[in-house]
Amino acid sequence: MTERSIRPRRLRSTPAMRRLVAETRLHPADLVLPMFVREGISEPQEIGSMPGVVHHSIDSLKHAVEAAAEAGIGGVMLFGVPEHKDAIGSGATDPDGILNAGARAAVDAAGDAIVVQTDLCLDEFTDHGHCGVLDALGRVDNEATLERYAEMALVQAASGAQILGLSGMMDGQTAVVREALEGAGFVDTAILAYAAKYASAYYGPFREAVNSSLVGDRRTYQMDAANRREGMLEVEIDIAEGADIVMVKPAGSYLDVLADVASQSPVPVWAYQVSGEYAMIEAAAANGWIDRERAIDESVLAIKRAGADVVLTYWAMELAQRLSNTGLRA
Ligand code: PBG
């Protein structure tokens, strides 16, 4: 045996061989499709900054959730786009508010075949666009916001959401929501804590998607992109407070944080491939600068390789359809 007999290329020699030795695979059940449901529309509407993604009416949402279940996707994550906003985000706790009505419709359409989840955050519902309520000086008030989150949790759980996505980055949010759920008997409602959520420019297209009225930024509550160790701290806190699942977000630019979390977390670790990650590939592909399908597959595979058990991606439907053609792909 000489060193020359060591040839890693052997296992790359044919498509069948490469498929056999692949360390990471995508599967439709490992994907969650984020969806927007908008009040006051009767037809789906394209979102300009996210080509291929729409605002759903309640009706079109139902069909899309059915289709997602049919495609074998693991879950849907619903975001609401209300017609009216106010300082405390009243629409978020109105049982007939668009997100809660959307959750009921989604559960009704396919709740046995797919896990219906709701975003638990106030930014879509507040006129100032922040994820919480403001104090007299205009700062995001952590404790007052927690009270609103607890109310939201109960309304969302009552609407049938099986997992609540706590994306607001307030301190103590997981504990407060867990306590509220337990107190009201919603012992089976799971909490997905957006534990390591960074203040990111990659949320840009999403802000258009939810007609965000935010002026300024979210840097007093979302994490600083410079910090890796702190990602683990946030995860530990959320797990101690009762999170069933933890999230790292965004995904592609935070694979180091994701790998850290995946190596240490005793609960499932999910990652959110956000709107900007989607828009960049779509835009480059539209210009003919990148191979769209290969870039999509590679971007999502990399997130799984780094350690995500599940990936939230706006390409979930397309990927599920592509993955169901089980034959070899070049
Ligand atoms: C907050 C929330 C945001 C996203 C998901 N939940 C926006 C923000 O924090 O500003 C962004 C998702 C994306 O960009 O795809 N409710």
Side-chain angles (χ1 to χ4, degrees), residues 31-38 47-55 75-82 85 89 91-93 97-99 102-103 117-133 140 145 148-149 152-153 156 161 163-170 173 177 191-225 234 245-254 270-283 296 299-300 303 311-316:
L31 304 175
V32 167
L33 176 65
M35 306 176 90
F36 302 97
V37 55
R38 179 170 180 169
I47 298 167
S49 54
M50 300 175 72
V53 180
V54 300
H55 281 153
V76 292
M77 172 62 75
L78 306 182
F79 294 92
V81 186
K85 306 181 185 194
T93 44
I98 187 62
L99 179 55
Q117 314 167 56
T118 42
D119 183 55
L120 199 162
C121 190
L122 284 170
D123 64 314
E124 289 104 41
F125 298 95
T126 52
D127 52 13
H128 46 75
H130 275 293
C131 294
V133 294
V140 174
T145 300
R148 298 287 296 135
Y149 286 0
M152 268 186 99
Q156 292 185 354
I163 302 180
L164 310 185
L166 275 58
S167 67
M169 287 301 282
M170 293 302 122
Q173 62 186 16
V177 166
I191 294 177
L192 160 64
Y194 285 48
K197 177 171 177 179
Y198 288 83
S200 173
Y202 295 110
Y203 305 147
F206 178 95
R207 303 259 166 97
E208 178 184 332
V210 298
N211 297 333
S212 173
S213 16
L214 182 69
V215 180
D217 59 50
R218 306 197 196 287
R219 291 177 189 278
T220 69
Y221 42 105
Q222 297 180 348
M223 292 175 59
D224 191 315
E234 285 281 5
I245 304 165
V246 292
M247 176 96 93
V248 174
K249 178 185 175 188
S253 295
Y254 295 84
W270 293 9
Y272 196 143
Q273 184 178 50
V274 302
S275 58
E277 299 177 72
Y278 175 90
M280 285 192 299
I281 291 179
E282 290 290 351
I296 291 172
S299 69
V300 178
I303 295 166
V311 182
L312 276 77
T313 173
Y314 298 98
W315 286 304

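Any value given below was found using the heavy atoms of this structure, including those in side chains, with hydrogens, waters and symmetry copies removed. Remember, it's 1-based here, ligands and their atoms both numbered in the order they're listed.
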Note: ligand 1 atoms sitting under 4.0 Å from heavy atoms of R207 are 8 (C), 10 (O)

Looking only at protein heavy atoms, what sits closest to atom 8 (C) of ligand 1 is R218 NE, 3.5 Å

Nearest non-hydrogen protein atom to atom 2 (C) of ligand 1, with distance, is K197 NZ, 3.2 Å

With heavy atoms and a 4.0 Å threshold, my read on which part of D119 contacts ligand 1 is side chain

I'd like to know if the side chain of R148 and the backbone of G89 have a donor-acceptor N/O pair within less than 3.5 Å. yes

Among non-hydrogen protein atoms, atom 15 (O) of ligand 1 lies closest to Y314 OH, 2.6 Å

Atom 12 (C) of ligand 1 sits nearest the protein heavy atom F206 CD1, 3.2 Å

Numbered in order shown, the ligand 1 atoms found under 4.0 Å of a heavy atom of Q222 are 8 (C), 9 (O)

Worksheet item: Any side-chain heavy atom of L31 within less than 4.5 Å of one from L33?
Response: no

Which of M169, K197, R218, K249 passes side-chain contact (heavy atoms from CB on, under 4.5 Å) with M223? It is M169

Contact region, S275 to ligand 1, non-hydrogen atoms below 4.0 Å, reads both

The protein heavy atom nearest to atom 5 (C) of ligand 1 is K249 NZ, 2.5 Å

Open item on the list: Pairs of nitrogen or oxygen atoms closer than 3.5 Å, one from Y194 and one from ligand 1: do any exist?
Closed with: no

Taking only non-hydrogen atoms of E124 and a 4.0 Å limit, the atoms of ligand 1 in range are 16 (N)

Looking at P51, is its backbone amide N or carbonyl O close enough to the side chain of Y278 to form a donor-acceptor pair, meaning the two atoms are under 3.5 Å apart? yes

C121 heavy atoms within 4.0 Å reach ligand 1 at atoms 1 (C), 16 (N)

### E277 (side chain) donor-acceptor with A251 (main chain) under 3.5 angstrom
yes

#### Entry: Close aromatic pair by centroid cut-off 6.0 Å: F206 and F36
yes

Ignoring hydrogens and geometry, is there a side-chain-to-backbone donor-acceptor pair from Q156 to A153 under 3.5 Å?
no

**Asked** Judged by non-hydrogen atoms, does Y278 sit under 4.0 Å from ligand 1?
**Response** no

| message | When you compare the side chain of L99 with that of L78, does any pair of heavy atoms fall below 4.5 Å? | response | yes

Within the 4.0 Å heavy-atom cut-off, what F79 brings close to ligand 1 is side chain

With no hydrogens and no angle check, is any side-chain donor or acceptor of Q173 less than 3.5 Å from a backbone partner on Y149? no

Short version for D123: what comes under 4.0 Å of ligand 1, heavy atoms counted, is side chain

**Prompt:** Do side-chain atoms of Y221 reach the backbone of C131 as a donor and acceptor pair under 3.5 angstrom?
**Reply:** yes

